[in-house]
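Below you'll find the structure, written out as C-alpha cells, and then a few comments.
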Amino acid sequence: MLLRSWIESANAPDHPFPLNNLPCGVFSTTGEEPRCGVAIGDYVLDVSSLEETGGLSLPGGPLLDVPFWNELMEAGPQAWAALRNRLTEVLAEGADDRAVVEPHLVPRAEVVLHMPFLVSEYTDFYAGRHHATNVGTMFRGAENALPPNWLHIPIGYNGRASSVVVSGTPVRRPWGQVKGPDHAAPAFQPSRRFDIELELGAVVGTPSDGPVTVAEADAMIFGYVLLNDWSARDIQAWEYQPLGPFQAKATATTISPWIVMKAALEPFRCSTPPREVPLLPHLQEPGPMLYDIALEVALQPECGVEAVIARTNYAEMYYSAAQQLAHHTTSGCPMNTGDLLGSGTISGPTKDSRGSLLELSWGGKEPIAIAGGTRTFIEDNDTLSLRGGCRGDGYMIGFGDCVGKVLPALADPYAR
Ligand code: MN
C-alpha cells in the first residue's frame, strides 16, 4: 500500500519515488560538492546536510559526511533500518517534523547525479537460463546449449570496478583484437558488434570473511541498481576461451544512479523457477530470493524516435543474487562493502524479451525493426536506456533510468 507523504508528487501512483522507495544517490547542484541524497517525489532530500544539522541521527554516525553511501552500507542492517525509519517518519503525511526537513529538499530537476557508491570490486554472472540457452544455441547448437556446470553453480567472472560509470556517462566504442577470416591473421579494429546486457546489480553492504549461507548472503545485500554490461561481441568471441570475457567487457559498465534498498523491494519477493536438478545444499534457498521487477530496454538513434526493443522481468533469473553471493564466498573469498554483482543478462522466454542485441538479432542474422530503420548491433550515437520498476498496490518502486550514449570510436589509439 502507498505510504502517503506531505510531498504531493510522491503520492502519484506511477511516480518512481514514493515514500515506500527512498532510494540512495549522490547528487550535486551548481557550484556545490556532491553529497548523499534520497529521492522523494520530485525532490532529492539532502540527507548529508540533514544529518549534519541534527535532523537525522544514525547509530555509529555520522555516516553521510562523505559523497558515497559506503559508510552507511558498512554500518549494517541496523543503520539501514534507522535511516528508513527516520525518513519515513519525517516525510509521512501529517509529520510533526516537516519544518526540520523542508530546508534540505532540492528539486530533482536541478541536480546532477554521480556514482552512488565506491565500487570495491565487480563480478558478473551468467545466471539467466533463457540468455544462456540462447547464446549457447547460437555458438554450440541446441544440444549442448547449457555447459555441464550451469545447472549446479551460477557461473561468473571477475570484472573491472574501475570502469563502472553512472547513468548518463557517454560510452566510447572500443577498439580490440578480433578474429580474422579463416586462417588469416586477427585484426585490431573498432568493435563492429557492440552490445548491451540488461542486468540487475546487487550492492554488497556488509563484508564477509569465509563462506556464507544463502540466507547470510541475502542479509549482506544493501540494495540493487540497474546495470548495463556493455559487451563487444566480436572481441569477446576471439578472446573468451578458455578464461572467459576480458577486454570485451572492460570498456564500461553503466549503473542507474539510485540504489533501491532491499527493504523497499520486500513486498515484491518471488521464488526462482523450479530446479531442473537439485542444487547442492549450500546453494539452496531458504525462501524467495528474486524480485518481481518489470524491465525494459529502449534504443534511440541520434535525432530519431526511441523504440522499446525488449521487455522482461528479473523474476526470469535461474539464480538469485543471494545464491551468487553465497557461491562467491565458498572458496573463502572475502567480500567487501561496495562489491557489485551483475546478475547476468536477463532474458525472458519470448523473442521480444531478450536482454541483449546478440539475442534480439540472433547473432546479427535477424535485424530488429526500430522507427525509421533496423538494428543488429549498436550504431554510433545510439542511446540505450534500461528501465525498471515494481508495481505495488497504488504505487511504484522505480530504479531511475540507466542510460548510455555510444560515441564513435576514436582514430587508431596507437597512431601517435
Ligand atoms: Mn554480463
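The first residue in the sequence is number 1, and the count goes up from there. Atoms within each ligand, like the ligands themselves, are counted from 1 in listed order. Excluded from the calculations below are hydrogen atoms, water molecules and symmetry mates; all remaining heavy atoms, backbone and side chain alike, are included.
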(request) Look at the rings of F125 and H328 and say which category their plane angle falls in: under 30° parallel, 30 to 60° tilted, over 60° perpendicular. (result)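 Because their plane-to-plane angle is over 60°, the rings of F125 and H328 count as perpendicular.
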Atom name of the N, O or S atom in [X] that lies nearest to the Mn ion (ligand 1):
X    : value
D229 : OD2
D124 : OD2
E197 : OE1
E199 : OE2

Let me have the donor-acceptor pairs involving side chains of residues 136-148, under 3.5 Å, with sequence neighbours excluded, atom names and distances please.
residue	atom	partner	partner atom	Å
T137	OG1	T133	O	2.6
R140	NE	N144	O	3.4
R140	NH2	A145	O	3.0

(message) Between D234 and R192, does any NZ, NE, NH1 or NH2 come within less than 4.0 Å of an OD or OE carboxylate oxygen?
(response) no
(message) Has D292 got a side-chain atom pairing as donor or acceptor with A315's backbone, closer than 3.5 angstrom?
(response)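 Answer holds: no.
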